[in-house]
Every structure is written in C-alpha cells, then in structure tokens.
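Lettering follows sequence order; numbering is per chain, from 1.
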There are 2 protein chains.
Amino acid sequence: MNVLIVYAHPSPTSYNAALKDAAIKALLNRGASVKVSDLYAMNFNPVAMMEDTIVPTNPEDVPEDLRLEREKVKWADFIIFQFPMWWTSVPAIMKGWFDRVFAANFAYGPGVYNHGNFKGKKAMLSFTTGGKHLDSYGPKGLKGEMSERLFSIHHEVLYFSGMEVIEPFIVPTGVSVEERRDYLEQMQQRMAELEQQPTIKFPVLEDYVGGQLQTNSLEKVNVLSI
Amino acid sequence: MNVLIVYAHPSPTSYNAALKDAAIKALLNRGASVKVSDLYAMNFNPVAMMEDTIVPTNPEDVPEDLRLEREKVKWADFIIFQFPMWWTSVPAIMKGWFDRVFAANFAYGPGVYNHGNFKGKKAMLSFTTGGKHLDSYGPKGLKGEMSERLFSIHHEVLYFSGMEVIEPFIVPTGVSVEERRDYLEQMQQRMAELEQQPTIKFPVLEDYVGGQLQTNSLEKVNVLSI
C-alpha cells in the first residue's frame with residue numbers, strides 16, 4: 001500500500017504537523033510505504049504559468065519539480081492532504097499544487113470524473129478549522145454546508161481526476177488539549193483502517209445529460225453529503 | 001471614485017487581460033481613479049507564513065509588499081478581481097493574495113461580516129470559465145450551484161471582511177469571437193454604472209444565533225443567490 005501525504009503548514013511545530021506525523025507513524029506501523037510532499041519545506045512554487053496547465057508531449061519539457069510530484073501521484077494508492085483551512089479553502093501553496101501538478105493529460109483528459117486518469121486511487125482531506133464544534137455549518141449555518149465548502153476540491157479536483165473521495169477528517173482547533181490528543185489517536189485509527197474508510201457517493205458522468213443530473217435514483221442531497 | 005483591480009493571469013495577451021484593460025479604459029473614461037495589482041507581473045508571493053496571518057503591532061514589521069497592497073485596499077471604494085477560474089476557484093497567486101493581504105487586524109477583527117473592517121467598500125469577481133453556457137451549473141448541475149462555488153470567496157472572504165458583493169461577471173470562454181467582443185462591451189458598461197450594480201443580499205450577523213440562521217424573513221435561497 002503506497003500512501004502520499006501532501007502537507008502544507010508553515011510551522012513544523014504546528015498541530016497540523018502533529019497530525020501529519022501521527023498519520024506517518026500509523027501507516028509505517030502497518031507496513032505501508034509512505035512519501036511526503038511537505039510543500040513549505042520544499043519551497044514548492046504554486047504559481048502556474050500557461051505551460052504548466054498541460055503536460056507537454058516532450059517529457060524533457062516537464063519542469064523537474066512537477067515531474068517529481070507527478071511520479072509520487074502515479075505511485076500512490078492513497079493521497080492524504082493535510083492542511084489548515086484558510087478562508088474555507090486550502091492554503092495558496094496547496095491550491096497551486098493542484099493548479100500545476102494536476103495538469104491536462106495527467107490528471108484528466110480525455111476522461112474526467114469516473115473516467116478520470118486517477119481511477120483506482122483514493123484521496124482524503126484532513127484539516128484544521130477554527131471554532132469548537134463546526135457549529136457555523138449546516139443548512140442554515142453562517143458558513144453554509146461543509147460539504148459545499150469542500151465540493152470544489154472533493155468533486156471538482158479529486159473526483160474530476162477519477163479518484164474516490166474518503167470522508168474528510170476535520171479537527172476544530174478550539175477544542176481542549178485532551179480532545180486534540182484524542183483526534184491524533186482517531187487519525188492513527190483512520191490510517192490503520194484506511195481501505196475501510198467510507199467514501200462519498202458521487203453520481204457517474206452517465207447520470208448527467210447536458211451537465212444536468214437525469215436520474216431520479218440519486219437525490220442531490222447524496223451528491224453533497226459528507 | 002477609487003477602484004482597485006486585482007488581476008491574475010500569466011499571459012498579457014489573454015482574454016482576461018483584455019477584460020482587465022476594458023475595465024480600466026471605461027473607468028478612466030468616467031474620471032475614476034484606478035490602481036492595478038497585476039499579481040503575475042508583480043511576481044507576488046502567495047505563500048503565507050505564520051507572521052503574515054496577523055498584522056503586527058509595530059508597523060515596521062509589516063513586509064513591504066503587504067504594506068503596499070493594504071494601502072491600495074484602504075484607498076479603494078471598489079475592488080474588482082479579474083481571473084481565470086481554475087478548479088472552480090481562483091488561481092493560487094490570488095488565493096495567496098487573500099491569505100497574506102487580508103490578515104487579522106486588517107480585513108477583520110474584532111468585527112466580521114457586517115461589522116468587518118471594509119464596511120462601505122464593494123467588491124466584484126470577474127472571471128472566465130470553460131464551456132459555452134454554464135450549463136453544468138444549477139441545482140442538478142454536475143458542478144453544483146455557481147453561487148455555492150463562489151460562496152467561499154463572496155461570503156467567506158469579501159463579506160466576512162465587511163464588503164458588499166456585486167453580482168459576478170462571468171464569461172464562458174467557449175463562446176464565439178463576436179460574443180467575446182460583446183462581453184468586453186458589457187464589462188465596460190458595468191464599469192460605467194459601477195455604483196448601480198446589484199449586490200448580493202446576505203443576512204447580517206444578528207440574524208444568526210450560535211452560527212445558525214434564526215430569522216424566517218430570509219430564506220436560505222437568498223443567502224446563496226447570485
């Protein structure tokens with residue numbers, strides 16, 4: 001089992017770093033092979049130029065940093081993204097990892113969604129967010145539905161590229177030190193049972209005609225469940 | 001009238017550049033003062049470090065690039081964001097502009113939303129996206145509701161910081177050359193009548209208790225309208 005952890009936090013003593021380290025430990029303990037892209041430590045360049053948005057025909061034209069990241073993605077059965085949620089999204093350095101690494105002819109093209117190029121791989125978001133209980137989310141929540149906030153990544157990046165999406169692991173950072181320790185244990189448990197983690201059920205491309213969901217068997221609520 | 005255009009596209013001959021130039025021309029024609037943050041041309045650094053997330057007490061500790069951007073934001077009555085939509089969000093260089101420029105004690109804190117520090121300013125997203133007719137969006141759309149895709153910026157960045165949000169200007173890039181020209185004219189018309197552009201009606205913070213919308217006078221559908 002090959003697991004890639006894409007990690008983005010500026011401080012190596014952060015709680016995000018502790019979650020990343022807990023995941024690595026649990027994965028190594030069970031005999032998994034682990035690679036880490038520590039984007040801040042790598043000084044990863046997140047600023048896409050036009051030529052980064054498509055994989056060039058000549059392999060020698062691929063920048064070395066993107067070649068290395070794409071090799072890790074190809075190698076991985078599972079990809080874990082560990083980050084602090086900023087402005088209800090990923091830090092810029094991770095957005096740029098998607099902008100540059102997940103280029104056309106690599107992550108997608110000609111197929112997308114259930115025909116995307118990463119079919120057979122699974123991905124999971126693991127992140128911290130402010131507050132104590134995610135109590136500002138929900139159908140009448142100030143910040144709307146968490147599933148909607150994550151849809152741009154879950155559905156439009158990960159599933160778009162063919163991956164199955166594991167339910168996210170979310171830690172509200174306003175909790176006590178004891179609860180934070182408990183979350184670290186939960187993370188290790190998740191990694192110990194990574195293949196059994198439930199995934200989000202998204203409709204397949206064949207359920208849509210002209211971009212609109214046709215089937216009655218899948219309600220929109222399922223599309224957006226976390 | 002002071003207008004700041006925050007522009008992110010790697011190519012100066014792009015259609016996004018043409019939209020930006022059309023906006024500048026129309027604004028100058030009507031006598032507005034215009035400043036532009038051309039993030040690619042400026043080689044703007046989008047990678048936030050811990051110290052960037054809060055404005056330091058000592059003004060001399062503020063990095064020069066952030067000081068300059070914050071001066072422009074303070075100066076502006078209107079802020080226009082021009083960008084190509086990538087992965088249903090802004091390019092990383094613009095996400096990092098939010099991560100670094102909109103720090104605590106500048107954009108927000110102690111107040112947020114209708115008590116945010118940018119009260120009295122208005123912002124508008126203007127972007128290109130693939131396809132011809134936005135036909136993959138909607139309540140049963142493959143990509144969900146466009147308003148939900150934009151909520152993370154509209155509600156959680158711009159309104160969070162106190163700004164009113166003008167309805168977005170969206171160009172599907174699959175249209176014909178003639179239609180593209182027509183969109184450039186529409187952009188100029190918008191800039192000519194910028195104060196009259198309709199804004200999105202979001203509930204005020206007082207409508208929420210414990211993060212949940214309490215009033216019956218505002219339906220959730222209004223919260224998410226574009």
For residues A/Trp87 and B/Ser161, report the shortest heavy-atom separation together with the two atoms involved.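 Heavy atoms only, the tightest pair is CH2-OG, 4.1 Å.
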Nearest heavy-atom neighbours spanning B/Gln212 and A/Asp135: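 Answer, listing the atom of B/Gln212 first, then A/Asp135: NE2-O, 3.0 Å.
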Pick from B/His133, B/Arg100, B/Glu156 with the largest number of heavy-atom pairs that fall under 4.5 Å of chain A: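 Top count of heavy-atom pairs under 4.5 Å with chain A: B/Glu156.
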Set out, in order, the CA-CA distance, both residues' side-chain angles and the distance that settles ring pair (Phe, Tyr, Trp, His ring centres under 6.0 Å) for B/Trp86 and A/Phe98, then state yes or no. CA-CA 9 Å; B/Trp86 287 348; A/Phe98 289 126; over 10 Å; no
Nearest-0.5 Å distance that lies between atom [atom1] in [X] and atom [atom2] in [Y]:
{"X": "B/Arg149", "Y": "A/Glu148", "atom1": "CZ", "atom2": "CD", "value": "5.0 Å"}
{"X": "B/Ser152", "Y": "A/Phe151", "atom1": "OG", "atom2": "CZ", "value": "12.5 Å"}
{"X": "B/Lys95", "Y": "A/Lys95", "atom1": "NZ", "atom2": "NZ", "value": "10.0 Å"}

Under 4.5 Å heavy-atom distance to chain A, tell me which part of [X] shows up: side chain, backbone, both or neither.
{"X": "B/His9", "result": "side chain"}
{"X": "B/Tyr108", "result": "side chain"}
{"X": "B/Phe102", "result": "both"}

B/Phe160 vs A/Lys143 side-chain heavy atoms within contact, under 4.5 Å: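 In contact.
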State, yes or no, whether a side-chain contact exists between B/Met49 and A/Tyr40 at a heavy-atom distance under 4.5 Å.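 The answer is yes; the side chains approach within 4.5 Å.
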Report the option among [options] that has the most heavy-atom pairs separated by less than 4.5 Å from atoms of chain B.
{"options": "A/Asn45, A/Ile153, A/Val157", "value": "A/Val157"}
{"options": "A/Leu39, A/Asn43, A/Thr53, A/Val90", "value": "A/Val90"}
{"options": "A/Pro46, A/Gly131, A/Gly96", "value": "A/Pro46"}

Among A/Leu205, A/Asp207, A/Leu213, which residue satisfies the side chain to side chain contact (heavy atoms under 4.5 Å, CB included) criterion with B/Leu142?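 Answer after filtering A/Leu205, A/Asp207, A/Leu213: A/Leu205.
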